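Bear in mind that the values here come from a model prediction, so they are computed numbers and not experimental data.
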Amino acid sequence: MNDSGAVLSWLVIRQDDNGNQYRVGKYATQAEAQRIADSLDDRGHKQLYWVERIGAPAQ
């Protein structure tokens with residue numbers, strides 16, 4: 001952590017039906033990011049949402 005606030009180590013990623021991926025937001029905890037991804041997913045759109053740790057290798 002630094003003087004500017006919390007470290008935001010978790011991303012929510014969205015993929016649209018054309019395969020394009022976008023960062024939705026950065027969050028301090030995995031649980032917080034997952035809550036956001038789940039709430040967006042619950043809206044019933046065709047997009048896919050998931051959580052990734054910044055700097056973690058892609059799976």
Side-chain angles (χ1 to χ4, degrees):
M1 199 138 111
N2 58 33
D3 292 336
S4 66
V7 175
L8 304 177
S9 300
W10 295 92
L11 291 172
V12 173
I13 308 292
R14 176 185 72 132
Q15 181 172 309
D16 65 20
D17 14 338
N18 296 317
N20 300 309
Q21 296 179 2
Y22 305 93
R23 291 184 208 146
V24 174
K26 294 167 79 173
Y27 302 92
T29 67
Q30 183 178 13
E32 180 183 18
Q34 192 63 57
R35 271 194 309 278
I36 298 299
D38 291 344
S39 71
L40 291 168
D41 195 42
D42 288 344
R43 294 180 181 182
H45 296 284
K46 293 181 182 179
Q47 289 83 16
L48 174 66
Y49 296 91
W50 69 90
V51 172
E52 288 183 2
R53 186 174 183 111
I54 294 173
Q59 295 183 9

Reported CD-to-OH distance for the pair Q15 and Y49, which is rounded to 0.5 angstrom:
11.5 Å

Which heavy atom of D41 sits nearest to which heavy atom of Q47, and what is that distance?
OD1-O, 4.0 Å

Group every Ile, Leu, Val, Met, Phe, Trp and Tyr by side-chain heavy-atom contacts under 4.5 Å, then state whether I13 and L8 land in the same group.
no

So, does N18 use its side chain to make a donor-acceptor pair with the main chain of N20 at under 3.5 Å?
no

Nearest-0.5 Å distance, CG of residue L40 to CG of residue L48:
11.5 Å

About how many Å separate CD of E52 and CH2 of W10, when rounded to the nearest 0.5 Å?
10.0 Å

Test side-chain contact (heavy atoms from CB on, under 4.5 Å) applied to R23 and V12, step by step
CA-CA 6 Å; R23 291 184 208 146; V12 173; over 6 Å; no

